[in-house]
S.K.: 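One structure, pasted below without further comment.
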Amino acid sequence: MRIPRLRGEPGMALRGGGRRHTLRKILDRCRADVALVTALEEEMRTRTDAELRALTEAYRSRAADGEILGALVPEVYAAVREVTRRVLGVRTHDPQVMAGVVLALPAIAQMDDGGADSTLACVFPAVLHALADEGGVHVITSDDDAASRDAERMGPVFRMLGMEAGAIGHESVPRERHVAYRADVTYGTAHEFGWDYLRDNLTWNVDECVQRGHRFAVVCDAERSLIDECRTPLIITAPGGDAPDSPEDSEDRLVLAQITIRGYLDTYDELAAVTATATPEAAEVYRRLYHLDVVPVEQPSIRAVDAATDRPAHTGGPEPTGRPRRAIDLVTLERKVQYDEVLDEQCRLFYARRWDILQGDDMSVRVRRLLDEVIDGCVASYPVRDMDDLHELGEAVRNLYPMSPAVSELVAAHGGRTLPRRRIIGERIKADIHAAYDRREHDLGSEILRELEQRVLLAVADRTLRDHLANVDRLTDEFASARPGTRDLLAEYRRRAWELFYTAEATAKKEAVRFLFHLDVELEEP
């Protein structure tokens, strides 16, 4: 389910359609929130540690009662500011609070000094989203060391607020990952979060999954994750393990699951980031690829907003700290990402449907619907113009399940050539396949059939994805060597990739039905 925009006001959200506020108006609104945080500062200082902790539960109750998180920003941020003062011995300055407000929009906060400033700034929106108590609040760091360091340093801040912070790294074992994701806020790299996402979508036991959803992520180093590494493929191959970050390293291996860094980041309901560079080229990349605007938060930068363009103007001073400015070929990058997006979206669809199967305790309703869909598809595939068509339809259906003699005779003898008669045949076959499934359940028992249903659907889903990944990989190789000419290669690539997807989907449904009827199940003697 998509999370509502924090502000809930027309035009305030920076993502998506609708009217947009200009950058200047956004800055005015954000500054107003910072002023409200400052106005609450003295009141927060009078509260005891226990009272500050109690505020967290009060805010959670208000969020649970339907209050928009954006309305809680001034109070929550004032509490966080006071707790950081007590725990860390430093008062967060206004630009850090301002960055936290920008991150809650969501947007990309441009801070002249990334580093420690962004570490503190990221705590504000992390606490805000953790109030929803739904899990999946992640702080994405540049490396494992930063993840463990920031989680350890900010841990006391979260604990005083009645929350916990966890961290994952490359060396984290499944038990440690499970604990880290059960924390209110989890720190880690995009690679580790992405690989855990893939592994969760390969498990056959929901208790083995480590992640708890993808509500909100704040990226501490925007250019690294959102631009430099956006096309990095995360690949899990057989025999086991995570493939290196290069697709060439997975050649001749069976790919079980994959997604790009950008494709993974798109699983979050809300995504925000911090940058210390934010060149005009980089800002344009963010807007085009992620629908996120760059909002300057340092006072000199704020004053340098160009009223004519509503974009940060150059002050003529030194470049911001961080990596040096570099030219970005936006057109080429965007084009490549558009190719990536096709498979990323398809993979997310596969994973979402697989997750539904994994979570479902009773697959019977899904399977009964599947029986109807498969028979409808078979009947629609044969126009029933003559007896040959009718014979082929009968053979296709018999391949799926043991058709009863009465229906077999009906299919064999029916000579109708009009759609209504074909519809009648379809209804008779559907009634027959449901009756056959009732007999299957009677023979095996409901408990065993329910387990069989889940296992069959998971196995078919996994095999379908593996085959589809291989097919799309071949398609990608074909287009990589194609010359543009007069053809729109991207449009053609999309069309053919989605044809492969829907074909794989239809084949998987028929394969699942066939397995459900024909797999041998050994029943233990009582």
Side-chain angles (χ1 to χ4, degrees), residues 80 83-84 86-90 92 96 99-100 103 109 111 113-130 135-200 208-226 228-229 232 234 241-242 244-245 261 264-265 267-268 271-276 321-323:
V80 173
V83 168
T84 57
R86 295 185 190 187
V87 172
L88 302 179
V90 295
T92 51
Q96 288 172 311
L103 295 173
M111 303 184 72
D113 181 14
D117 277 2
S118 66
T119 302
L120 280 169
C122 291
V123 172
F124 289 98
V127 169
L128 181 71
H129 279 274
V137 177
H138 301 158
V139 179
I140 299 178
T141 59
S142 57
D143 53 55
D144 286 353
D145 290 339
S148 59
R149 181 188 66 239
D150 292 354
E152 182 178 359
R153 183 186 174 208
M154 296 297 129
V157 174
F158 288 106
R159 284 192 289 274
M160 183 172 279
L161 288 166
M163 296 181 173
E164 289 293 332
I168 57 170
H170 186 65
E171 301 299 324
S172 300
V173 299
R175 179 182 56 80
E176 293 170 332
R177 292 175 186 273
H178 194 277
V179 172
Y181 281 112
R182 274 16 184 210
D184 298 274
V185 177
T186 309
Y187 287 75
T189 66
H191 291 72
E192 291 304 316
F193 284 125
W195 273 322
D196 282 337
Y197 169 74
L198 293 180
R199 283 189 286 262
D200 279 356
E208 295 176 3
C209 296
V210 294
Q211 293 190 337
R212 293 193 298 147
H214 302 88
R215 178 183 174 84
F216 172 77
V218 55
V219 179
C220 295
D221 188 346
E223 286 206 351
R224 178 190 294 270
S225 295
L226 302 188
D228 296 343
E229 298 179 345
T232 298
L234 303 177
D242 303 318
D245 295 340
I261 292 292
Y264 169 72
L265 292 176
T267 64
Y268 288 96
L271 179 68
V274 178
T275 182
T321 58
R323 285 185 295 279

S.K.: Got a donor-acceptor contact below 3.5 angstrom from the D150 side chain to the T119 backbone?
M.R.: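 No; judged by distance alone, with no hydrogens or angles, the pair does not exist.
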
S.K.: Are R199 and E208 side-chain neighbours, meaning at least one heavy-atom pair lies under 4.5 Å?
M.R.: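 Contact flag for R199/E208 side chains = no.
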
S.K.: How many angstroms lie between atom OG1 of T189 and atom CD1 of I261, to the nearest 0.5 angstrom?
M.R.: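 If I round to the nearest 0.5 Å, the distance is 7.5 Å.
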
S.K.: To the nearest 0.5 Å, how far apart are OG in S142 and CD in E223?
M.R.: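 Atom-to-atom, S142:OG and E223:CD are 13.0 Å apart.
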
S.K.: Could you walk me through whether E192 and R177 pass the salt bridge (charged side-chain N to carboxylate O under 4.0 Å, His left out) test, one step at a time?
M.R.: CA-CA 10 Å; E192 291 304 316; R177 292 175 186 273; 2.8 Å; yes

S.K.: Taking the side chain as everything from C-beta on, heavy atoms only, tell me whether L265 gets closer than 4.5 Å to L226.
M.R.: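 The answer is yes, as the side chains (C-beta and beyond) meet within the 4.5 Å cut-off.
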
S.K.: Report yes if some heavy atom in the side chain of V185 is under 4.5 Å from a heavy atom in the side chain of F158; otherwise report no.
M.R.: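 Answer yes - side chains close enough.
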
S.K.: As an exercise, state the distance from OG1 of T92 to CZ of F124, rounded to the nearest 0.5 Å.
M.R.: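 That separation rounds to 4.0 Å.
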
S.K.: Considering all heavy atoms of both residues, which atom of C122 and which atom of V139 are nearest to each other, and what is their separation?
M.R.: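 Residues C122 and V139, closest heavy atoms: CB-CG1, 4.4 Å.
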
S.K.: On a heavy-atom basis, which atom in A121 and which in L103 lie closest, and how many Å separate them?
M.R.: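 For A121 and L103, the tightest heavy-atom pair comes out as O-CD1, 3.9 Å.
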
S.K.: Can you find a pair of side-chain heavy atoms, one from L120 and one from M154, that are under 4.5 Å apart?
M.R.: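 They are in contact (side-chain heavy atoms under 4.5 Å apart), so the answer is yes.
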
S.K.: What is the minimum heavy-atom distance between A99 and M111, and which atoms define it?
M.R.: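 So the minimum-distance heavy-atom pair works out to CB-SD, 3.7 Å.
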
S.K.: Please find the pair of heavy atoms, one from A126 and one from V137, that lie closest to each other, and give the distance.
M.R.: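 Answer, listing the atom of A126 first, then V137: O-CG1, 3.6 Å.
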
S.K.: Do H214 and Y264 have their ring centres less than 6.0 Å from each other?
M.R.: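 Ring centres of Y264 and H214 closer than 6.0 Å.
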
S.K.: Tell me whether R224 contacts the main-chain N or O of V219 through its side chain, where contact means a donor paired with an acceptor under 3.5 Å.
M.R.: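 Such a contact is absent between R224 side chain and V219 backbone.
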
S.K.: Counting C-beta onward and ignoring hydrogens, is there a side-chain heavy-atom pair between Y187 and R149 closer than 4.5 Å?
M.R.: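 Y187 does not reach R149 side chain to side chain.
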
S.K.: Closest approach of Y268 and G136, non-hydrogen atoms and distance?
M.R.: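 Shortest heavy-atom separation between Y268 and G136 comes out as CE2-O, 4.3 Å.
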
S.K.: Looking at every non-hydrogen atom in both residues, tell me the closest pair between L234 and H191 and how far apart they are.
M.R.: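 In this case the closest contact between L234 and H191 is CD2-CD2, 3.8 Å.
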
S.K.: Counting only N and O atoms by type, is there a donor-acceptor contact under 3.5 Å from the side chain of T186 to the main-chain atoms of A180?
M.R.: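 Yes; judged by distance alone, with no hydrogens or angles, the pair exists.
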
S.K.: For the atom pair CG (D221) and OG1 (T275), what is the distance rounded to the nearest 0.5 Å?
M.R.: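 Result: 7.0 Å between the selected atoms.
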
S.K.: Looking at S148 and D145, would you say the former's side chain and the latter's main chain have a donor-acceptor pair under 3.5 Å?
M.R.: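 The answer is yes, because a donor-acceptor pair under 3.5 Å joins these two groups.
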
S.K.: Okay, side chain of Q211, backbone of Y181: is any donor-acceptor separation there less than 3.5 Å?
M.R.: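 Such a contact is absent between Q211 side chain and Y181 backbone.
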
